[in-house]
Structure formats: structure tokens, C-alpha cells
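In what follows, a single structure is set out as C-alpha cells and then discussed.
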Amino acid sequence: MTTPDAVVRTRLLHPLPVRIMHWINALAMIVMITSGWGIYDDYVVISRLHFSQVLRLGDGAQDSLLWHFAGMWFLAINGLAYLLYGLFTGRFRERLFPIKGADLVRTVNDTLHFRIAHEDIKQYNAVQKVLYIVVILAGISQVTTGLAIWKPIQFSGLVSLFGGFQDARLVHFWGMAVIVGFLAVHVALSLLVPSTLWAMLAGGPRIPRPTRVRRNRVET
Ligand code: HEM
């Protein structure tokens, strides 16, 4: 006779590859945003909007462009690795889904009333899940619009997908704005709940991970 025997093992909340990819991504994003602000004056999107010199990475637009191209490789390769890891290990399915409408409403309501206690750092709340999904999609959009405006001839298919060169530039700009908005909230929340920040540095608590079901032969 055979009986199913669930073998439950544990793992860290944020395994090492996730932490490494998260912090490379954070650094690459900051390089991309600040060097992007250095290039921005070359083609202003909002006429009165300019970024202060102290916020720009690079000594002049040409130098900022070099930083932007260097950061791009880290962002694109590391981002692709994170996407593949999230999809193939089931991390995205496990951590970011499901998102229940009622949880979303309750968390937004709590946040608006400054009740942002994050008792169980092992679970993302519904708002976090939505924000992480939005920022992951924004990251993908930044890399693809970036490719489109960098090499519009070679990536003409991408340019048409975004509705033309100017529209790809606009999507690239607004994608940056979404990521900067996300970062402001994300960094503020991680400082308000430092245990989450420590977990993203050191791995956090161990959580159970049902790995596989083994069928053991039981002697009768
Ligand atoms: C630079 C400052 C940053 C800090 C201090 C920071 C901090 C953190 C912390 C503490 C968590 C875990 C949250 C929790 O367990 O409740 C986290 C997760 C996450 N962060 Fe950041 N982060 C930063 C930058 C970024 C950037 C630039 C992005 C993307 C544009 C990003 C995207 C994410 C995502 C997608 C997760 C979920 C990761 C997963 O579980 O797979 N973070 N971050």
C-alpha cells in the first residue's frame, strides 16, 4: 500500500538570490533615474520641469548618457533574471497572488487612517502586491521603451507598438514618474517598518515550503 507523505522544508522569507537581485535592481534604478534626469534637458517633456543639478548623475548630458547606458545593462540583465526566477520558482504566484478586492479596500482604508502596522512580515498585504506588480510592469516598460528610443530603426517593431517614437518617449518619461512615486512610498514604508528592511538584508524568518509529495512504500 502507498500513502502520500508531505515533506515540509523551510526556507528564508527572502532567499539570497532575491536579496541580491533586489539590491542590484535598487542601485541600477537609482543610477537610471538620476542619469535620466541628467539627459532630460536635452528633450524636455514638461516645459517648466527641470531637475536640479544635485539630483543629476553625470557631468553634463553626454556623461549622464554614459551612466544611463552602463546602468541599462545591469537593470535589463538583473531584471530578466528576477523575472525568470519569480516565474520558474513560483515566487510570483506565492507572494503576489491572489489579490482579493476586499483586502485591497481594507488595506487602503487602514493606510488612509495611518494604520500601517505590518504585523506579519511573512505576507505582503493587498496594496503591496498591487504596487509590486505595477512596478515590475513599469520596469519592463522602461526597458522596452528605452530600447525603442535608443535604436528606433533596429527596434522599429517596438516603436510601432508604443504608437511611434514620441509616444515611446512619453511612456518612458511617465514610467520613470511611476517608479519614482513607487520608490518614495516603498522606501518610506520600509523605514516605518524596519523589520521588513532587515528581512530584505538578512533574509528574514524561515517559512515553511511544501516541496514535494513523496510516495513511501509502507509495509503492512
Ligand atoms: C533603494 C531603496 C529600496 C529599499 C530601502 C527597498 C526595500 C525593500 C524591502 C524592505 C522590501 C521587502 C518588503 C516587505 O517584506 O514587506 C522590498 C521588496 C521589494 N522591492 Fe524594494 N527597496 C528599494 C528599492 C526598490 C526598487 C528601486 C524597486 C523597483 C523599482 C523595488 C522593488 C521591490 C519589489 C518588487 C519587492 C518585492 C520583492 C519580492 O518579494 O520578490 N525596490 N524592498
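First listed ligand is number 1; within each ligand, the first listed atom is number 1.
Counting heavy atoms of neighbouring residues, nucleotides and ligands inside a 6.0 Å radius, atom CG of D110 exceeds 12 of them.
Annotation: ligand 1 has protein neighbours H14, H22, W23, N25, A26, M29, I30, Y82, R91, H118, Y124, Q128, Y132, V135, F182, L183, H186, V187, S190, T196, L197, M200, each with a heavy atom less than 4.0 angstrom from the ligand.
Classification of the F69-W150 ring pair by plane angle, with boundaries at 30° and 60°, yields tilted.
In this structure, R56 fails the cation-pi test against F51, since its NZ or CZ atom is not both closer than 6.0 Å to the six-membered ring centre and inside 45 degrees of the ring normal. Relative to the ring axis of Y43, R169 places its NZ or CZ within 45° and under 6.0 Å from the centre.
Using a cut-off of 4.0 Å between Lys/Arg side-chain N and Asp/Glu carboxylate O, D103 and K129 are scored as not salt-bridged. Taking 4.0 Å as the cut-off between side-chain N and carboxylate O, E94 and K122 do not count as a salt-bridged pair.
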